[in-house]
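Written out below as structure tokens is the structure these notes cover.
Within every chain, numbering begins at 1; the chains are lettered A, B, ... in the order of the sequence lines, protein sequences first and strands thereafter. Since the model is a prediction, treat every value here as computed from it, not as a measurement.
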Amino acid sequence: MTDFPYRYDVTHSVSEIVDAHTDLEAGTETDTVVTIAGRLMLRRDQGKLAFGTLQDSSGRIQLFAMAKSTPEFDGFTGLSIGDWIAVTGIVMMTRRGELSVRVDGWTVLGSAGRSFPDKWHGISDPDTRYRQRYVDLWVTDEARQTFTQRSQIVASMRRLLHDQDFVEVETPMLHPIPGGALARPFVTHHNALDADLYLRIAPELYLKRLVVGGMERVFEIGRVFRNEGMSTRHNPEFTMLELYWAYADHADMMRLTEELVAGIATEVLGTTTIEYDGREVDLSTPWRRATMEELIAEHAGVEVSLDTPIDELRAICETFGVDTKAHYGPGKLILELYEKTCEAELWGPVYVTDYPIEVSPLSREHRERPGYAERFEAIVAGRELCNGFSELTNPAIQRERFEAQEADRDAGDDEAMVVDEDYLRALEYGLPGTAGLGVGVDRLVMLLTGTTTIRDVVLFPTLKPEQVSGAADGELVDEEE
RNA sequence: GCCCCCGUAGCCAAGCUGGUUACGGCAGCGGACUUUUAAUCCGAAGAUCGUGGGUUCGAGUCCCACCGGGGGCACCA
């Protein structure tokens with residue numbers, strides 16, 4: 001096995017060279033000597049000449065090698081597609097006008113023992129793209145661009161929030177009690193404590209504890225885990241932005257959210273008008289606000305409210321083909337009706353407001369509409385992008401809500417919440433009026449990059465294990481003792 | 001979990017209502033070539049057709065099961 005260098009001094013990225021020589025004339029040589037490194041992606045041998053394409057993380061450039069001047073020319077033409085190499089030489093423009101680096105010296109930095117996919121057709125098999133992302137990133141330009149943009153989007157998000165004095169924190173991912181959302185958790189076990197722990201389904205309750213602790217503007221960007229179905233919009237682990245803002249309410253939060261999303265779009269894309277799935281989305285502020293019941297009236301043509309007699313509500317739901325269950329109250333029925341009749345038709349951006357309290361166990365009651373919560377979700381490009389509300393601050397009411405959830409759980413709803421005594425204790429110390437927000441970061445990236453499947457914005461999406469034999473099939477962890 | 005579709009060499013990809021040795025391209029191997037752009041040209045090679053059963057004189061092709069993937073439904077963000 002050949003031993004490759006431990007380190008190598010590179011003087012330029014490919015894009016730096018390209019940017020600095022935009023109008024070099026064909027057939028001219030500069031006296032600029034550069035050292036670049038990357039993967040050899042193409043090669044065209046021409047007898048005593050050879051051309052290659054070197055790709056690094058910034059772009060591609062042609063390599064120009066000549067038998068009379070390139071050291072070990074035969075070795076150079078014997079390189080494999082995919083080999084990592086460093087090349088030193090002058091910057092030049094070929095007679096045909098292709099910017100190139102003349103290969104005056106070259107070194108192999110790492111060899112490609114497996115051959116890369118077809119240089120023209122790339123990979124069409126999604127399974128290969130997701131399992132072997134290390135290949136996909138080289139072969140599929142859009143994949144590389146999407147993940148670069150993802151980084152920019154998250155960086156922009158952080159910057160905009162820091163600019164508004166939000167403090168970034170990290171809270172536990174291992175929770176003794178899963179909380180903060182209605183979802184089925186993954187369970188794991190801590191051996192030394194001999195205790196079951198849950199991978200978090202949301203950081204919400206910890207972040208609000210921090211507001212109790214005096215962090216008036218706080219946010220976390222991190223992974224959450226939900227043991228549920230997978231789809232083009234769902235990965236079992238996904239990234240969420242959650243933020244909490246003391247002394248603010250849901251209306252403030254709607255303004256912050258739309259400005260944040262429009263601001264990120266402007267920073268990363270340079271515009272708030274984007275195209276998604278062939279349709280235009282105008283992210284410019286302000287976004288439309290509409291209550292859930294207004295939308296139901298618009299799209300289903302029926303007037304409903306929490307005052308509608310429940311039998312009538314249930315009958316309306318059944319008219320629209322909603323699967324109703326016996327324990328559903330009026331709030332749950334209205335939510336189901338909304339999801340069945342409106343959600344698929346909304347394009348947005350639109351804030352859906354005034355969710356029933358019954359389905360919003362952590363939100364504060366609407367100050368003017370008893371039974372409703374000061375809660376909103378934004379629908380953008382036909383997809384739920386975020387969820388926010390004025391936080392419920394009263395510990396006694398929170399306890400009642402938890403207990404109602406636990407009753408649902410006892411009735412067989414395994415996504416219902418569990419009473420979190422420590423969270424109640426924190427609320428008893430006092431939480432001021434606070435607004436909270438959760439944004440699906442993967443979905444935001446999908447929106448801004450025009451991607452229609454979440455697997456294309458997650459580097460290593462969850463897949464079934466590839467191997468059915470060997471270690472993966474047996475116990476990876478010794479459960480004994 | 002349910003329904004539909006897909007699986008042919010490292011990659012892309014033909015293969016018709018079942019019918020000899022499964023068409024090609026790229027990459028890899030051998031050779032030619034001093035300005036190529038998916039270079040071109042010549043040559044040789046590479047496939048238990050996802051796996052296992054079955055139907056048939058004969059299966060890549062039809063049937064069943066399993067594995068993996070995609071889409072949809074359900075659940076959810």
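Contacts of Gly438(A) with the nucleic acid, taken as non-hydrogen atoms under 4.0 Å apart, are absent. The residue Tyr130(A) sits close only to the backbone: its heavy atoms come under 4.0 Å of sugar-phosphate atoms, none of a base. Across all strands shown, Leu385(A) has no heavy atoms under 4.0 Å from either base or sugar-phosphate atoms. At a threshold of 4.0 angstrom between heavy atoms, the contacts of Arg184(A) with the nucleic acid are absent. Among the heavy atoms of the strands lying under 4.0 Å from Asn235(A) is at least one base atom, whether or not backbone atoms are also near. Gln62(A) comes within 4.0 angstrom of a nucleotide base, judged by non-hydrogen atoms across all strands. Residue contacts shown for Gly440(A) are absent, as no nucleic acid heavy atom lies under 4.0 Å away. Across all strands shown, Arg95(A) has heavy atoms under 4.0 Å from base atoms, whether or not it also approaches the sugar-phosphate.
With hydrogens and angles ignored, a donor-acceptor pair closer than 3.5 Å exists between the side chain of Gln46(A) and the base of A39(B). One can find a donor-acceptor pair under 3.5 Å joining the base of G25(B) and the side-chain atoms of Asp118(A).
For the OP1/OP2 pair of A27(B) and a distance below 4.0 Å, the side-chain nitrogens and oxygens of Lys119(A) include at least one atom meeting the criterion. Taking side-chain N and O atoms only, Arg131(A) has a distance below 4.0 Å to OP1 or OP2 of G69(B). One finds a side-chain N or O of Arg455(A) lying less than 4.0 angstrom from the OP1 or OP2 phosphate oxygen of G71(B). Listed pair Ser124(A) / A13(B) meets the phosphate criterion, a side-chain N or O lying under 4.0 Å from OP1 or OP2.
Contact between Ile36(A) and His12(A) at its shortest, heavy atoms only, is CG2-O, 3.6 Å. Tyr276(A) and Thr451(A) make their closest contact through OH-O, 2.6 Å (heavy atoms, listed as atom of the first residue, atom of the second, distance). Taking all atoms of both residues into account, the shortest heavy-atom contact from Leu160(A) to Gly263(A) is CD1-C, 3.8 Å.
Relative to the side chain of Ile454(A), the nucleotides U35(B), A77(B), G69(B) differ in distance, and A77(B) lies closest. With A74(B), G70(B), A77(B) as the candidates, the nucleotide lying closest to the side chain of Pro126(A) is G70(B). Nearest nucleotide to the side chain of Thr232(A), out of G72(B), U37(B), G69(B): G72(B). The side chain of Asp45(A) sits closest to C33(B) out of G69(B), C33(B), G28(B). Between U37(B), A74(B), G28(B), one nucleotide has an atom nearer to the side chain of Glu98(A) than all others, and that is U37(B). Comparing atom distances between the Arg226(A) side chain and each of A77(B), C12(B), G69(B) picks out A77(B) as nearest. Side-chain atoms of Ser115(A) lie closest to A27(B) of the nucleotides A39(B), A27(B), G69(B).
Looking at Arg200(A) and Glu220(A), a side-chain N of the basic residue comes within less than 4.0 Å of a carboxylate O on the acidic one, giving a salt bridge.
The partner of G1(B), taking Watson-Crick or G-U wobble pairs whose two distances both stay under 3.5 Å, is C73(B). Across every strand in view, G68(B) sits in a pair with C6(B) that passes the Watson-Crick or G-U test at under 3.5 angstrom. Base pairing of C49(B): no nucleotide in any strand meets the Watson-Crick or G-U wobble criterion (both distances under 3.5 Å).
Ring geometry for Phe166(A) against Phe219(A) counts as perpendicular: the plane angle is over 60°, on a 0 to 90° scale with 30° as the lower cut.
Annotation: A77(B) and C63(B) have their P atoms spaced 40 Å apart (nearest Å). Annotation: U8(B) and C23(B) have their C1' atoms spaced 12 Å apart (nearest Å). As rounded to the nearest Å, A14(B) and G1(B) have P atoms that lie 32 Å from one another. As rounded to the nearest Å, G50(B) and U61(B) have C1' atoms that lie 16 Å from one another. Between A44(B) and G52(B), the distance separating the two P atoms is 33 Å to the nearest Å.
Stacking annotation: Phe116(A) is not stacked on the base of G10(B) (requires ring centroids less than 5.5 angstrom apart and an interplanar angle below 30 degrees).
When the C1' atom of A77(B) is taken as reference, atom CZ of Phe376(A) falls 14 Å away, rounded to whole Å. We find that CE of Met41(A) is positioned 14 Å from P of A38(B), with the value rounded to whole Å.
More than 12 heavy atoms of other shown residues, nucleotides or ligands fall within 6.0 angstrom of atom CG in Asp410(A).
Figure legend: Arg150(A) and Phe147(A) shown without cation-pi pairing, the cationic atom not lying both under 6.0 angstrom from the six-membered ring centre and within 45 degrees of its axis.
Between Glu237(A) and Met230(A), the residue anchored closer to the 5' end of RNA chain B is Met230(A), taking for each the nucleotide with the nearest heavy atom. Projected onto RNA chain B by closest heavy-atom contact, Leu79(A) and Thr94(A) fall at different nucleotides, the more 5' of which corresponds to Leu79(A).
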